[in-house]
Amino acid sequence: MSENSQPPFGPATGVGSLPGGDAREAARTVTGSFEDFPHLPELPARGPGADMIGRTAGLLVELYARVEPSGWRIGDHPGRDTRRARSWLREDLDALEEFTQDYRGPLKVQAVGPWTLAAALELRNGESALSDPGACRDLAASLTEGLRLHLAELRRRIPGARPVLQLDEPSLTAVLRGQVRTASGYRTHRAVDRQVVEATLRDVIGVHDGGPVVVHSCAPDVPFALLRRAGAAAVSFDFSLLTERDDEVIGEAVESGTRLFAGVVPGTGGPLSDPGGSVMGVRTLWRRLGLRPGLLPEAVTITPSCGLAGASPEDARKAYAHCVRAARSLADNPE
């Protein structure tokens, strides 16, 4: 099989975050667990700048953010918080590089998408960037350039990797429905036009020229059709939040070639079912949709239901091992 014909995704991977603050230990866990599809770990327990928003704010080009009591706020120049975020990202990349010597295959990196970032970052007046269409455009453009540089850095450090970009968009449905609260908490920002949301996502997704982009949300009512039109090659979601209302859009997504990153493994420390039991719901969905069972391993990647920052290190390792076994069960027995 030539490199160009190799699959762009592996059978199982993590969402992104892990517990603890040791970058080398996290990289060892990820690469030891997912030999076919590792990812860059995120360790938010280290504090501001290692969290999801701060980490992505550190990627921005010609835009900077600092921590205020109310959250992350756009500022005029790079300060201590920006430098700390960038330093931790370098530390994480150093560790991943160390444990992926001679690795060849898909490798996933995560960043917050433009709409969740706009909902979370404050302007100088304390309101969300979501309140200002111009600020949203500037933020998306800055993020796009930052992601371009980030992906180039990953290719330089790990030449055999085929980068997969994951955009985390847990606030996307709230943005579309006008459910993001203002700074006062008494009102909500108006809903953003779906065409504007889609066009912005398409622009950001386009930065990974020719490479696959996954959009992740562990919130309910993921807008599968919009993400597919915007160019997402895969959608990552908490499988337990699906309802039969989602069947039609999921069926259309699979038939159009969109891969499903099915979050079926809980990472909260409860008892795990047998691997076959963990993917029983996926098989049931397949039968309901009338899809060919043999398509399952080609269309589904198994993940935890969401990030594992709140798990214990032992439970996180167990969840990752369980994802791998569940994916193998799906491949060995798709019926």
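Reckoned from all heavy atoms, side chains included, excluding hydrogens, waters and symmetry mates.
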Is it true that [X] and [Y] have a side-chain N and a carboxylate O under 4.0 angstrom from each other?
{"X": "R156", "Y": "E153", "answer": "yes"}
{"X": "R46", "Y": "D92", "answer": "yes"}
{"X": "R157", "Y": "D94", "answer": "yes"}

Nearest-0.5 Å distance that lies between atom [atom1] in [X] and atom [atom2] in [Y]:
{"X": "T243", "Y": "D221", "atom1": "OG1", "atom2": "CG", "result": "7.0 Å"}
{"X": "L151", "Y": "H208", "atom1": "CG", "atom2": "NE2", "result": "5.5 Å"}
{"X": "R317", "Y": "E314", "atom1": "CZ", "atom2": "CD", "result": "6.5 Å"}

Is there a side-chain contact between [X] and [Y] (heavy atoms, below 4.5 Å)?
{"X": "L117", "Y": "L59", "result": "no"}
{"X": "E145", "Y": "E62", "result": "no"}
{"X": "T144", "Y": "L147", "result": "no"}
{"X": "R148", "Y": "V61", "result": "no"}
{"X": "L330", "Y": "P297", "result": "no"}
{"X": "H216", "Y": "C306", "result": "yes"}
{"X": "C136", "Y": "T200", "result": "no"}
{"X": "P11", "Y": "I302", "result": "no"}

Side-chain ([X]) to main-chain ([Y]) donor-acceptor, under 3.5 angstrom:
{"X": "T56", "Y": "V112", "result": "yes"}
{"X": "E98", "Y": "R24", "result": "no"}
{"X": "S329", "Y": "R325", "result": "no"}
{"X": "Q179", "Y": "T173", "result": "no"}
{"X": "K108", "Y": "G14", "result": "yes"}
{"X": "S256", "Y": "A253", "result": "yes"}
{"X": "T82", "Y": "A65", "result": "yes"}
{"X": "R259", "Y": "V300", "result": "yes"}
{"X": "D247", "Y": "R245", "result": "no"}
{"X": "S17", "Y": "L43", "result": "no"}

Looking at every non-hydrogen atom in both residues, tell me the closest pair between T301 and G10 and how far apart they are.
OG1-O, 2.8 Å

Check whether more than 12 heavy atoms from other residues, nucleotides or ligands sit under 6.0 Å from atom [atom1] of [X], and answer yes or no.
{"X": "N125", "atom1": "CG", "result": "yes"}
{"X": "E248", "atom1": "CD", "result": "no"}
{"X": "D209", "atom1": "CG", "result": "no"}
{"X": "R86", "atom1": "CZ", "result": "yes"}
{"X": "R187", "atom1": "CZ", "result": "no"}

Given the options F224, F9, F237, F261 meets ring pair (Phe, Tyr, Trp, His ring centres under 6.0 Å) only with F9

With no hydrogens and no angle check, just 3.5 Å: does a side-chain donor-acceptor pair link S70 and E122?
yes

Could you tell me which residues satisfy salt bridge (charged side-chain N to carboxylate O under 4.0 Å, His left out) with R66, sequence neighbours excluded, listed by chain and number?
E68

With sequence neighbours excluded, what pairs up with Y320 under the ring pair (Phe, Tyr, Trp, His ring centres under 6.0 Å) test?
F34, H39

Only one of L296, L285, L295, L289 clears side-chain contact (heavy atoms from CB on, under 4.5 Å) with V254; which?
L295

Might you work through the side chain to side chain contact (heavy atoms under 4.5 Å, CB included) test for L176 and W115, ending with a clear yes or no?
CA-CA 9 Å; L176 288 165; W115 293 108; over 6 Å; no

Kindly write out the residues that satisfy side chain to side chain contact (heavy atoms under 4.5 Å, CB included) with S131, not counting sequence neighbours, or none if the list is empty.
L123, E127, H189

